[in-house]
There are 2 protein chains.
Amino acid sequence: MNATDDALTILRTRSLSGVLEREIEKAILGGEIPPGKRVNENLLATRFGTSRGPVREALRALEGLGLVELIPNRGVFIRQPAVEEAIEIYDVRTVLFGLAGKLLAARITDAEIARLKGYLEQMEAAARSRDFDRYYPLNLAFHEFIIDACGNATLAAQYRGLVKKLHLFRARSLVQGGGLEVSNLEHREMVEAVTARDPERAQRAHSDHVARAKARLLAAYQKAEAQAPRLTN
Amino acid sequence: MNATDDALTILRTRSLSGVLEREIEKAILGGEIPPGKRVNENLLATRFGTSRGPVREALRALEGLGLVELIPNRGVFIRQPAVEEAIEIYDVRTVLFGLAGKLLAARITDAEIARLKGYLEQMEAAARSRDFDRYYPLNLAFHEFIIDACGNATLAAQYRGLVKKLHLFRARSLVQGGGLEVSNLEHREMVEAVTARDPERAQRAHSDHVARAKARLLAAYQKAEAQAPRLTN
DNA sequence: CAACTGAAAACTGTCAACAGTTTGCAAAGC
DNA sequence: GCTTTGCAAACTGTTGACAGTTTTCAGTTG
(Lines give C-alpha, C1' and ligand atoms only; values in the text may rest on other atoms or scores of the structure.)
Protein backbone atom coordinates (compact mmCIF):
# COMPACT_ATOMS: atom_id res chain seq x y z
CA MET A 1 0.00 0.00 0.00
CA ASN A 2 1.54 3.33 -1.05
CA ALA A 3 1.08 6.83 0.32
CA THR A 4 -1.82 7.67 -2.00
CA ASP A 5 -3.69 4.52 -1.09
CA ASP A 6 -3.09 5.29 2.52
CA ALA A 7 -4.44 8.81 2.23
CA LEU A 8 -7.47 7.52 0.38
CA THR A 9 -8.13 4.90 3.00
CA ILE A 10 -7.89 7.50 5.71
CA LEU A 11 -10.28 9.77 3.89
CA ARG A 12 -12.69 6.95 3.25
CA THR A 13 -12.68 5.57 6.75
CA ARG A 14 -12.54 8.82 8.63
CA SER A 15 -15.79 10.38 9.78
CA LEU A 16 -15.52 11.92 13.16
CA SER A 17 -17.63 9.35 14.94
CA GLY A 18 -15.54 6.53 13.48
CA VAL A 19 -12.37 8.05 14.86
CA LEU A 20 -14.08 8.76 18.14
CA GLU A 21 -15.20 5.16 18.38
CA ARG A 22 -11.63 3.93 18.17
CA GLU A 23 -10.33 6.60 20.56
CA ILE A 24 -13.00 5.93 23.16
CA GLU A 25 -12.45 2.19 22.81
CA LYS A 26 -8.77 2.77 23.43
CA ALA A 27 -9.57 4.84 26.51
CA ILE A 28 -11.85 2.10 27.82
CA LEU A 29 -9.56 -0.85 27.11
CA GLY A 30 -6.60 1.13 28.43
CA GLY A 31 -8.42 1.36 31.73
CA GLU A 32 -8.58 5.14 31.55
CA ILE A 33 -12.29 4.98 32.24
CA PRO A 34 -12.73 2.35 34.94
CA PRO A 35 -15.32 -0.43 34.43
CA GLY A 36 -18.67 0.26 36.02
CA LYS A 37 -18.16 4.00 35.75
CA ARG A 38 -20.51 6.18 33.80
CA VAL A 39 -19.15 7.80 30.68
CA ASN A 40 -19.76 11.54 30.53
CA GLU A 41 -20.72 12.61 27.03
CA ASN A 42 -19.90 16.25 27.60
CA LEU A 43 -16.46 15.44 28.94
CA LEU A 44 -15.63 13.27 25.95
CA ALA A 45 -17.00 15.86 23.55
CA THR A 46 -14.89 18.69 24.95
CA ARG A 47 -11.89 16.40 25.23
CA PHE A 48 -12.00 15.59 21.52
CA GLY A 49 -13.14 19.05 20.55
CA THR A 50 -16.45 17.99 19.00
CA SER A 51 -20.10 18.18 19.89
CA ARG A 52 -22.03 15.44 21.63
CA GLY A 53 -23.64 14.06 18.48
CA PRO A 54 -20.65 12.12 17.16
CA VAL A 55 -19.78 11.01 20.69
CA ARG A 56 -23.22 9.50 21.12
CA GLU A 57 -22.94 7.73 17.78
CA ALA A 58 -19.57 6.29 18.75
CA LEU A 59 -20.98 5.11 22.07
CA ARG A 60 -23.88 3.40 20.34
CA ALA A 61 -21.39 1.56 18.15
CA LEU A 62 -19.41 0.50 21.22
CA GLU A 63 -22.63 -0.74 22.78
CA GLY A 64 -22.98 -3.10 19.82
CA LEU A 65 -19.48 -4.39 20.52
CA GLY A 66 -20.55 -5.14 24.08
CA LEU A 67 -18.00 -2.84 25.68
CA VAL A 68 -20.53 -0.46 27.20
CA GLU A 69 -24.08 -0.71 28.44
CA LEU A 70 -26.74 1.89 27.76
CA ILE A 71 -29.23 2.71 30.49
CA PRO A 72 -31.94 5.16 29.38
CA ASN A 73 -31.79 8.60 30.97
CA ARG A 74 -28.78 7.58 33.01
CA GLY A 75 -26.11 7.21 30.41
CA VAL A 76 -23.62 4.64 29.19
CA PHE A 77 -21.64 2.55 31.62
CA ILE A 78 -18.45 0.61 31.01
CA ARG A 79 -19.41 -3.04 31.13
CA GLN A 80 -17.96 -5.15 33.87
CA PRO A 81 -18.14 -8.86 33.06
CA ALA A 82 -18.57 -11.21 35.98
CA VAL A 83 -16.62 -14.45 36.21
CA GLU A 84 -19.60 -16.25 34.72
CA GLU A 85 -19.36 -14.15 31.57
CA ALA A 86 -15.61 -14.64 31.34
CA ILE A 87 -16.24 -18.39 31.45
CA GLU A 88 -18.86 -18.09 28.73
CA ILE A 89 -16.43 -16.15 26.60
CA TYR A 90 -13.70 -18.73 27.09
CA ASP A 91 -16.05 -21.51 26.05
CA VAL A 92 -16.96 -19.70 22.85
CA ARG A 93 -13.34 -18.77 22.19
CA THR A 94 -12.42 -22.41 22.58
CA VAL A 95 -14.54 -23.55 19.67
CA LEU A 96 -13.74 -20.48 17.56
CA PHE A 97 -10.01 -20.91 17.96
CA GLY A 98 -10.40 -24.62 17.28
CA LEU A 99 -12.15 -23.77 14.02
CA ALA A 100 -9.37 -21.33 13.17
CA GLY A 101 -6.82 -24.12 13.62
CA LYS A 102 -8.85 -26.50 11.49
CA LEU A 103 -9.25 -23.99 8.67
CA LEU A 104 -5.62 -22.94 8.88
CA ALA A 105 -4.35 -26.52 8.62
CA ALA A 106 -6.31 -26.92 5.39
CA ARG A 107 -4.90 -23.86 3.67
CA ILE A 108 -1.59 -22.89 5.26
CA THR A 109 1.33 -22.07 2.96
CA ASP A 110 4.95 -22.99 3.52
CA ALA A 111 5.80 -19.34 4.13
CA GLU A 112 3.15 -19.15 6.84
CA ILE A 113 4.47 -22.31 8.46
CA ALA A 114 7.92 -20.75 8.55
CA ARG A 115 6.51 -17.65 10.19
CA LEU A 116 4.64 -19.64 12.83
CA LYS A 117 7.81 -21.58 13.63
CA GLY A 118 9.66 -18.28 13.90
CA TYR A 119 7.20 -17.04 16.51
CA LEU A 120 7.45 -20.35 18.32
CA GLU A 121 11.24 -20.27 18.56
CA GLN A 122 11.26 -16.69 19.76
CA MET A 123 8.65 -17.50 22.37
CA GLU A 124 10.60 -20.53 23.55
CA ALA A 125 13.70 -18.40 23.85
CA ALA A 126 11.82 -15.77 25.81
CA ALA A 127 10.31 -18.45 28.05
CA ARG A 128 13.71 -20.01 28.74
CA SER A 129 15.05 -16.65 29.90
CA ARG A 130 11.84 -15.92 31.80
CA ASP A 131 11.53 -12.69 29.84
CA PHE A 132 7.82 -12.08 30.16
CA ASP A 133 7.95 -8.60 28.65
CA ARG A 134 9.31 -10.08 25.46
CA TYR A 135 7.06 -13.14 25.61
CA TYR A 136 3.74 -11.32 25.90
CA PRO A 137 3.70 -9.38 22.58
CA LEU A 138 5.05 -12.43 20.75
CA ASN A 139 2.26 -14.54 22.18
CA LEU A 140 -0.27 -11.94 21.09
CA ALA A 141 1.15 -11.73 17.56
CA PHE A 142 1.23 -15.52 17.32
CA HIS A 143 -2.47 -15.84 18.09
CA GLU A 144 -3.40 -12.86 15.93
CA PHE A 145 -1.53 -14.42 13.03
CA ILE A 146 -3.46 -17.66 13.32
CA ILE A 147 -6.78 -15.82 13.47
CA ASP A 148 -5.92 -13.76 10.40
CA ALA A 149 -4.38 -16.56 8.37
CA CYS A 150 -7.29 -18.95 8.84
CA GLY A 151 -9.10 -17.04 6.12
CA ASN A 152 -12.46 -16.60 7.85
CA ALA A 153 -13.07 -12.89 8.43
CA THR A 154 -16.34 -13.54 10.26
CA LEU A 155 -14.55 -15.76 12.73
CA ALA A 156 -11.75 -13.20 13.14
CA ALA A 157 -14.20 -10.39 13.88
CA GLN A 158 -16.10 -12.44 16.46
CA TYR A 159 -12.90 -13.66 18.09
CA ARG A 160 -11.48 -10.15 18.39
CA GLY A 161 -14.73 -8.91 19.91
CA LEU A 162 -14.54 -11.60 22.58
CA VAL A 163 -10.95 -10.79 23.41
CA LYS A 164 -11.86 -7.13 23.83
CA LYS A 165 -14.68 -7.99 26.21
CA LEU A 166 -12.30 -10.15 28.20
CA HIS A 167 -10.11 -7.11 28.69
CA LEU A 168 -12.90 -5.60 30.80
CA PHE A 169 -12.89 -8.57 33.14
CA ARG A 170 -11.85 -7.21 36.50
CA ALA A 171 -9.49 -10.04 37.26
CA ARG A 172 -7.95 -10.07 33.82
CA SER A 173 -4.50 -9.98 35.33
CA LEU A 174 -5.14 -13.62 36.17
CA VAL A 175 -5.53 -14.38 32.47
CA GLN A 176 -1.77 -14.48 32.26
CA GLY A 177 -1.72 -17.13 34.94
CA GLY A 178 -0.03 -20.36 33.93
CA GLY A 179 3.58 -20.90 33.15
CA LEU A 180 5.18 -19.82 29.93
CA GLU A 181 6.64 -23.27 29.38
CA VAL A 182 3.31 -25.04 29.77
CA SER A 183 1.71 -22.70 27.28
CA ASN A 184 4.56 -23.18 24.85
CA LEU A 185 4.20 -26.93 24.85
CA GLU A 186 0.66 -26.38 23.63
CA HIS A 187 1.85 -23.89 21.03
CA ARG A 188 4.30 -26.46 19.70
CA GLU A 189 1.57 -29.04 19.28
CA MET A 190 -0.58 -26.47 17.46
CA VAL A 191 2.20 -25.63 15.04
CA GLU A 192 3.04 -29.28 14.46
CA ALA A 193 -0.58 -30.07 13.72
CA VAL A 194 -0.98 -27.34 11.11
CA THR A 195 2.45 -28.17 9.68
CA ALA A 196 1.22 -31.72 9.20
CA ARG A 197 -1.80 -30.12 7.53
CA ASP A 198 -4.04 -32.27 9.68
CA PRO A 199 -7.28 -30.29 10.25
CA GLU A 200 -8.73 -32.53 12.95
CA ARG A 201 -5.53 -32.62 14.95
CA ALA A 202 -5.10 -28.88 14.55
CA GLN A 203 -8.65 -28.23 15.69
CA ARG A 204 -8.10 -30.31 18.79
CA ALA A 205 -4.74 -28.69 19.53
CA HIS A 206 -6.12 -25.17 19.14
CA SER A 207 -9.26 -25.65 21.14
CA ASP A 208 -7.41 -27.55 23.87
CA HIS A 209 -5.06 -24.61 24.16
CA VAL A 210 -7.87 -22.19 24.96
CA ALA A 211 -9.68 -24.72 27.14
CA ARG A 212 -6.53 -25.13 29.23
CA ALA A 213 -6.14 -21.37 29.44
CA LYS A 214 -9.68 -21.26 30.80
CA ALA A 215 -8.82 -23.90 33.37
CA ARG A 216 -5.72 -21.96 34.40
CA LEU A 217 -7.76 -18.78 34.76
CA LEU A 218 -10.38 -20.52 36.86
CA ALA A 219 -7.79 -22.05 39.13
CA ALA A 220 -6.04 -18.72 39.60
CA TYR A 221 -9.36 -17.01 40.16
CA GLN A 222 -10.56 -19.41 42.82
CA LYS A 223 -7.23 -19.11 44.56
CA ALA A 224 -7.44 -15.31 44.50
CA GLU A 225 -11.03 -15.48 45.68
CA ALA A 226 -10.00 -17.52 48.68
CA GLN A 227 -7.39 -14.96 49.59
CA ALA A 228 -9.43 -11.81 48.92
CA PRO A 229 -13.14 -12.62 48.63
CA ARG A 230 -14.14 -9.06 47.84
CA LEU A 231 -12.63 -9.44 44.40
CA THR A 232 -15.51 -11.65 43.41
CA ASN A 233 -18.33 -9.17 43.88
CA MET B 1 -43.08 -11.67 34.93
CA ASN B 2 -46.13 -9.63 35.92
CA ALA B 3 -47.63 -6.48 34.41
CA THR B 4 -45.61 -4.12 36.59
CA ASP B 5 -42.36 -5.81 35.71
CA ASP B 6 -43.32 -5.63 32.09
CA ALA B 7 -44.05 -1.93 32.25
CA LEU B 8 -40.77 -1.34 34.02
CA THR B 9 -38.87 -3.29 31.42
CA ILE B 10 -40.50 -1.29 28.70
CA LEU B 11 -39.63 1.95 30.40
CA ARG B 12 -36.09 0.85 31.01
CA THR B 13 -35.42 -0.41 27.53
CA ARG B 14 -37.23 2.27 25.62
CA SER B 15 -35.26 5.24 24.37
CA LEU B 16 -36.23 6.36 20.93
CA SER B 17 -33.09 5.19 19.22
CA GLY B 18 -33.46 1.76 20.79
CA VAL B 19 -36.94 1.39 19.38
CA LEU B 20 -35.79 2.78 16.06
CA GLU B 21 -32.99 0.25 15.94
CA ARG B 22 -35.43 -2.61 16.23
CA GLU B 23 -37.89 -1.08 13.76
CA ILE B 24 -35.22 -0.39 11.16
CA GLU B 25 -33.78 -3.86 11.67
CA LYS B 26 -37.23 -5.26 11.07
CA ALA B 27 -37.57 -3.21 7.89
CA ILE B 28 -34.20 -4.44 6.66
CA LEU B 29 -34.66 -8.12 7.52
CA GLY B 30 -38.19 -7.99 6.17
CA GLY B 31 -36.72 -6.99 2.84
CA GLU B 32 -38.52 -3.66 2.86
CA ILE B 33 -35.24 -1.92 2.13
CA PRO B 34 -33.50 -4.07 -0.47
CA PRO B 35 -29.85 -5.11 0.11
CA GLY B 36 -27.29 -2.87 -1.53
CA LYS B 37 -29.65 0.09 -1.41
CA ARG B 38 -28.78 3.25 0.43
CA VAL B 39 -30.83 4.10 3.49
CA ASN B 40 -32.22 7.61 3.50
CA GLU B 41 -31.97 9.16 6.96
CA ASN B 42 -34.54 11.84 6.28
CA LEU B 43 -37.06 9.35 4.98
CA LEU B 44 -36.69 7.16 8.07
CA ALA B 45 -36.86 10.19 10.36
CA THR B 46 -40.11 11.48 8.88
CA ARG B 47 -41.52 7.96 8.72
CA PHE B 48 -41.04 7.46 12.44
CA GLY B 49 -41.85 11.05 13.28
CA THR B 50 -38.48 11.87 14.83
CA SER B 51 -35.43 13.86 13.91
CA ARG B 52 -32.35 12.45 12.24
CA GLY B 53 -30.31 12.21 15.44
CA PRO B 54 -31.88 9.05 16.86
CA VAL B 55 -32.03 7.54 13.37
CA ARG B 56 -28.29 7.99 12.97
CA GLU B 57 -27.67 6.43 16.36
CA ALA B 58 -29.81 3.44 15.49
CA LEU B 59 -27.96 3.03 12.20
CA ARG B 60 -24.60 3.11 13.95
CA ALA B 61 -25.82 0.35 16.24
CA LEU B 62 -26.94 -1.70 13.23
CA GLU B 63 -23.52 -1.19 11.69
CA GLY B 64 -22.06 -2.88 14.73
CA LEU B 65 -24.38 -5.83 14.14
CA GLY B 66 -23.04 -6.08 10.60
CA LEU B 67 -26.40 -5.46 8.96
CA VAL B 68 -25.44 -2.20 7.28
CA GLU B 69 -22.25 -0.64 6.00
CA LEU B 70 -21.32 2.98 6.56
CA ILE B 71 -19.58 4.87 3.76
CA PRO B 72 -18.51 8.39 4.75
CA ASN B 73 -20.37 11.21 3.06
CA ARG B 74 -22.45 8.74 1.08
CA GLY B 75 -24.57 7.14 3.72
CA VAL B 76 -25.38 3.72 5.06
CA PHE B 77 -25.98 0.80 2.73
CA ILE B 78 -27.72 -2.48 3.46
CA ARG B 79 -25.03 -5.14 3.51
CA GLN B 80 -25.17 -7.81 0.88
CA PRO B 81 -23.14 -10.86 1.87
CA ALA B 82 -21.50 -12.80 -0.95
CA VAL B 83 -21.55 -16.60 -1.03
CA GLU B 84 -18.09 -16.58 0.52
CA GLU B 85 -19.39 -14.77 3.58
CA ALA B 86 -22.38 -17.07 3.86
CA ILE B 87 -19.94 -19.98 3.90
CA GLU B 88 -17.86 -18.29 6.59
CA ILE B 89 -20.97 -17.76 8.67
CA TYR B 90 -22.02 -21.39 8.32
CA ASP B 91 -18.58 -22.55 9.45
CA VAL B 92 -18.76 -20.40 12.56
CA ARG B 93 -22.36 -21.40 13.21
CA THR B 94 -21.31 -25.03 12.98
CA VAL B 95 -18.94 -24.82 15.92
CA LEU B 96 -21.21 -22.49 17.91
CA PHE B 97 -24.21 -24.77 17.58
CA GLY B 98 -22.00 -27.74 18.40
CA LEU B 99 -20.96 -26.00 21.60
CA ALA B 100 -24.60 -25.27 22.39
CA GLY B 101 -25.38 -28.97 22.08
CA LYS B 102 -22.45 -29.91 24.29
CA LEU B 103 -23.40 -27.43 27.00
CA LEU B 104 -27.05 -28.38 26.79
CA ALA B 105 -26.34 -32.09 27.22
CA ALA B 106 -24.48 -31.31 30.43
CA ARG B 107 -27.26 -29.30 32.05
CA ILE B 108 -30.59 -30.21 30.48
CA THR B 109 -33.53 -30.87 32.78
CA ASP B 110 -36.19 -33.52 32.31
CA ALA B 111 -38.75 -30.82 31.55
CA GLU B 112 -36.56 -29.43 28.80
CA ILE B 113 -36.08 -32.90 27.33
CA ALA B 114 -39.84 -33.28 27.22
CA ARG B 115 -40.19 -29.97 25.45
CA LEU B 116 -37.54 -30.84 22.86
CA LYS B 117 -39.29 -34.15 22.18
CA GLY B 118 -42.55 -32.25 21.80
CA TYR B 119 -41.03 -30.05 19.12
CA LEU B 120 -39.56 -33.10 17.44
CA GLU B 121 -42.87 -34.94 17.24
CA GLN B 122 -44.69 -31.92 15.91
CA MET B 123 -42.00 -31.40 13.29
CA GLU B 124 -42.14 -35.03 12.27
CA ALA B 125 -45.90 -34.80 11.93
CA ALA B 126 -45.58 -31.64 9.82
CA ALA B 127 -42.90 -33.29 7.69
CA ARG B 128 -45.06 -36.36 7.09
CA SER B 129 -47.90 -34.21 5.81
CA ARG B 130 -45.47 -32.02 3.86
CA ASP B 131 -46.85 -28.99 5.69
CA PHE B 132 -43.96 -26.61 5.27
CA ASP B 133 -45.83 -23.62 6.67
CA ARG B 134 -46.28 -25.45 9.93
CA TYR B 135 -42.80 -26.97 9.87
CA TYR B 136 -40.85 -23.75 9.45
CA PRO B 137 -41.82 -21.91 12.69
CA LEU B 138 -41.46 -25.15 14.66
CA ASN B 139 -37.96 -25.63 13.27
CA LEU B 140 -37.10 -22.06 14.23
CA ALA B 141 -38.47 -22.45 17.76
CA PHE B 142 -36.64 -25.77 18.16
CA HIS B 143 -33.28 -24.20 17.34
CA GLU B 144 -33.99 -21.08 19.40
CA PHE B 145 -34.85 -23.25 22.36
CA ILE B 146 -31.54 -25.09 22.17
CA ILE B 147 -29.59 -21.83 21.91
CA ASP B 148 -31.41 -20.37 24.89
CA ALA B 149 -31.36 -23.47 27.05
CA CYS B 150 -27.64 -24.10 26.65
CA GLY B 151 -27.06 -21.41 29.26
CA ASN B 152 -24.37 -19.42 27.47
CA ALA B 153 -25.70 -15.93 26.73
CA THR B 154 -22.55 -14.90 24.88
CA LEU B 155 -22.94 -17.83 22.54
CA ALA B 156 -26.63 -17.06 22.05
CA ALA B 157 -25.94 -13.43 21.17
CA GLN B 158 -23.25 -14.34 18.65
CA TYR B 159 -25.37 -17.07 17.12
CA ARG B 160 -28.36 -14.77 16.68
CA GLY B 161 -26.18 -12.13 15.06
CA LEU B 162 -24.95 -14.65 12.51
CA VAL B 163 -28.45 -15.80 11.69
CA LYS B 164 -29.52 -12.21 11.10
CA LYS B 165 -26.64 -11.64 8.71
CA LEU B 166 -27.58 -14.76 6.83
CA HIS B 167 -31.00 -13.25 6.25
CA LEU B 168 -29.33 -10.65 4.05
CA PHE B 169 -27.79 -13.30 1.83
CA ARG B 170 -29.35 -12.79 -1.55
CA ALA B 171 -29.95 -16.45 -2.16
CA ARG B 172 -31.31 -17.10 1.29
CA SER B 173 -34.31 -18.82 -0.17
CA LEU B 174 -31.90 -21.66 -0.85
CA VAL B 175 -31.21 -21.96 2.87
CA GLN B 176 -34.42 -23.95 3.14
CA GLY B 177 -33.10 -26.39 0.56
CA GLY B 178 -32.95 -29.97 1.75
CA GLY B 179 -35.82 -32.20 2.61
CA LEU B 180 -37.77 -31.94 5.80
CA GLU B 181 -37.30 -35.63 6.49
CA VAL B 182 -33.51 -35.49 6.14
CA SER B 183 -33.34 -32.58 8.50
CA ASN B 184 -35.58 -34.34 10.99
CA LEU B 185 -33.35 -37.39 11.13
CA GLU B 186 -30.60 -35.08 12.28
CA HIS B 187 -32.92 -33.44 14.79
CA ARG B 188 -33.75 -36.83 16.25
CA GLU B 189 -30.10 -37.67 16.74
CA MET B 190 -29.55 -34.29 18.41
CA VAL B 191 -32.40 -34.87 20.85
CA GLU B 192 -31.29 -38.42 21.59
CA ALA B 193 -27.76 -37.25 22.30
CA VAL B 194 -28.81 -34.59 24.80
CA THR B 195 -31.37 -36.99 26.31
CA ALA B 196 -28.51 -39.42 26.92
CA ARG B 197 -26.74 -36.43 28.48
CA ASP B 198 -23.70 -37.26 26.40
CA PRO B 199 -21.90 -33.93 25.71
CA GLU B 200 -19.49 -35.24 23.09
CA ARG B 201 -22.19 -37.01 21.12
CA ALA B 202 -24.45 -33.98 21.38
CA GLN B 203 -21.69 -31.67 20.17
CA ARG B 204 -21.09 -33.88 17.16
CA ALA B 205 -24.81 -34.19 16.39
CA HIS B 206 -25.41 -30.46 16.63
CA SER B 207 -22.42 -29.35 14.60
CA ASP B 208 -23.04 -32.03 11.99
CA HIS B 209 -26.56 -30.70 11.60
CA VAL B 210 -25.34 -27.23 10.66
CA ALA B 211 -22.48 -28.59 8.57
CA ARG B 212 -24.96 -30.60 6.52
CA ALA B 213 -27.20 -27.56 6.17
CA LYS B 214 -24.19 -25.73 4.77
CA ALA B 215 -23.55 -28.56 2.31
CA ARG B 216 -27.20 -28.50 1.24
CA LEU B 217 -27.05 -24.73 0.74
CA LEU B 218 -23.88 -25.00 -1.32
CA ALA B 219 -25.31 -27.73 -3.50
CA ALA B 220 -28.51 -25.77 -4.10
CA TYR B 221 -26.51 -22.62 -4.76
CA GLN B 222 -24.26 -24.20 -7.33
CA LYS B 223 -27.26 -25.70 -9.03
CA ALA B 224 -29.00 -22.31 -9.13
CA GLU B 225 -25.81 -20.68 -10.35
CA ALA B 226 -25.62 -23.08 -13.28
CA GLN B 227 -29.19 -22.22 -14.23
CA ALA B 228 -29.02 -18.46 -13.72
CA PRO B 229 -25.40 -17.26 -13.43
CA ARG B 230 -26.39 -13.65 -12.82
CA LEU B 231 -27.54 -14.64 -9.36
CA THR B 232 -23.95 -15.04 -8.29
CA ASN B 233 -22.80 -11.48 -8.91
C1' DC C 1 -28.29 12.53 64.84
C1' DA C 2 -30.49 10.08 61.16
C1' DA C 3 -34.03 10.15 57.75
C1' DC C 4 -36.77 12.84 54.74
C1' DT C 5 -37.90 16.73 51.51
C1' DG C 6 -37.37 19.84 47.91
C1' DA C 7 -34.87 22.76 45.00
C1' DA C 8 -30.77 23.43 42.14
C1' DA C 9 -27.24 21.53 39.29
C1' DA C 10 -25.76 18.13 36.05
C1' DC C 11 -26.66 15.34 32.50
C1' DT C 12 -29.15 12.78 28.87
C1' DG C 13 -32.58 12.77 24.95
C1' DT C 14 -34.12 15.15 21.11
C1' DC C 15 -34.51 18.58 17.74
C1' DA C 16 -33.86 22.08 14.08
C1' DA C 17 -30.51 24.49 11.47
C1' DC C 18 -26.17 25.09 9.02
C1' DA C 19 -21.94 23.57 6.47
C1' DG C 20 -19.81 20.52 3.28
C1' DT C 21 -20.09 16.75 0.08
C1' DT C 22 -22.17 13.96 -3.37
C1' DT C 23 -25.36 13.20 -7.02
C1' DG C 24 -28.28 14.26 -10.84
C1' DC C 25 -29.13 16.96 -14.80
C1' DA C 26 -28.98 20.22 -18.33
C1' DA C 27 -26.30 23.03 -21.32
C1' DA C 28 -22.02 23.60 -23.90
C1' DG C 29 -18.25 21.89 -26.60
C1' DC C 30 -15.96 18.46 -29.56
C1' DG D 1 -24.20 11.93 -31.14
C1' DC D 2 -21.15 11.61 -27.19
C1' DT D 3 -18.37 13.51 -23.69
C1' DT D 4 -17.50 17.23 -20.60
C1' DT D 5 -18.51 21.00 -17.63
C1' DG D 6 -20.96 23.57 -14.34
C1' DC D 7 -24.90 24.36 -11.63
C1' DA D 8 -28.69 23.00 -8.55
C1' DA D 9 -30.93 19.79 -5.66
C1' DA D 10 -30.43 16.19 -2.29
C1' DC D 11 -28.24 14.31 1.36
C1' DT D 12 -24.87 13.53 5.02
C1' DG D 13 -21.94 15.40 8.96
C1' DT D 14 -21.91 18.32 12.69
C1' DT D 15 -23.28 21.74 15.81
C1' DG D 16 -25.66 24.39 19.47
C1' DA D 17 -29.84 24.83 21.95
C1' DC D 18 -33.87 23.28 24.50
C1' DA D 19 -36.78 19.92 27.15
C1' DG D 20 -37.06 16.33 30.50
C1' DT D 21 -34.93 13.30 33.77
C1' DT D 22 -31.69 12.02 37.26
C1' DT D 23 -28.54 13.17 40.80
C1' DT D 24 -26.74 15.94 44.44
C1' DC D 25 -27.01 18.43 48.50
C1' DA D 26 -28.52 21.72 51.79
C1' DG D 27 -32.26 22.47 54.86
C1' DT D 28 -35.87 20.52 57.67
C1' DT D 29 -38.18 17.41 60.68
C1' DG D 30 -38.82 13.65 63.80
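Since the structure is predicted, the reported quantities are computational estimates derived from the model, not experimental observations. Every chain is numbered from 1 and lettered A, B, ... according to where its sequence line falls, protein lines coming before strand lines.
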Legend entry - Length of the CD1-P vector between B:I71 and D:dC11, whole Å: 17 Å

Inset, instruction - Run the ring-centre check on B:H143 versus B:H187 and record whether the distance is less than 6.0 Å. - result: yes

Inset, instruction - Select from A:F77 and A:G53 the residue whose nearest nucleotide in DNA chain D is closer to the 5' end of that strand. - result: A:G53

Inset, instruction - Mind calculating the distance between CG (B:L43) and P (D:dA10) to the nearest angstrom? - result: 13 Å

Inset, instruction - Tell me which of A:V76 and B:G49 sits closer to the 5' end of DNA chain C, going by the nucleotide each one is nearest to. - result: A:V76

Inset, instruction - Looking at every strand, decide which applies to A:V39 at a 4.0 Å heavy-atom threshold: base, sugar-phosphate, or nothing. - result: sugar-phosphate

Legend entry - Length of the line joining B:E57:CD and D:dG13:C1', which is rounded to integer Å: 14 Å

Inset, instruction - Side chain of A:N40 only, please: which of C:dT14, D:dT14, C:dT12 is the nearest? - result: C:dT12

Legend entry - Nearest-nucleotide pick for B:E41, side chain only, options being D:dT23, D:dT12, D:dT21: D:dT12

Legend entry - Nearest-nucleotide pick for B:P54, side chain only, options being D:dT14, C:dT23, C:dT14: C:dT14

Inset, instruction - Would you please confirm or rule out a distance under 4.0 Å between OP1 or OP2 of C:dG13 and any side-chain N or O of A:R56? - result: yes

Inset, instruction - Give the rounded distance in Å between these two atoms: CG of B:L70 and P of C:dT22. - result: 14 Å

Legend entry - From D:dC11, C:dT12, C:dT22, nucleotide with atom closest to B:R38 side chain: D:dC11

Inset, instruction - Go through C:dT21, D:dG16, C:dC15 for me and flag the one nearest to the B:S51 side chain. - result: C:dC15

Inset, instruction - Start with the C-alpha distance between A:E57 and A:R60, add both sets of side-chain angles, then the distance that settles salt bridge (charged side-chain N to carboxylate O under 4.0 Å, His left out), and finish with yes or no. - result: CA-CA 5 Å; A:E57 286 180 28; A:R60 283 304 300 259; over 6 Å; no

Inset, instruction - Looking only at side-chain atoms of B:T50, point me to the closest of D:dT14, C:dC15, D:dC11. - result: C:dC15

Legend entry - Distance in angstrom units between B:E21 CD and C:dT14 P, rounded: 13 Å

Legend entry - Interatomic distance where CG belongs to B:N73 and P belongs to C:dG20 [whole Å]: 12 Å

Inset, instruction - Grab the CZ-C1' distance between B:R60 and D:dG13 for me, whole Å please. - result: 12 Å

Inset, instruction - For A:L44 and D:dT15, give me the distance from atom CG to atom P, rounded to whole Å. - result: 14 Å

Legend entry - OP1 or OP2 of C:dC11 under 4.0 Å from side-chain N/O of A:R74: no

Inset, instruction - To the nearest 0.5 angstrom, please state how far the CD1 atom of B:I28 sits from the CG atom of B:L65. - result: 9.5 Å

Inset, instruction - Return the nearest nucleotide to the side chain of B:R52; candidates are C:dC15, D:dT12, C:dG13. - result: D:dT12

Legend entry - Evaluation steps, salt bridge (charged side-chain N to carboxylate O under 4.0 Å, His left out), between B:E32 and B:R47: CA-CA 13 Å; B:E32 198 175 320; B:R47 167 175 168 179; 2.7 Å; yes

Inset, instruction - Could you tell me how the ring of A:F97 sits relative to the ring of A:H209: parallel (under 30°), tilted (30 to 60°) or perpendicular (over 60°)? - result: tilted

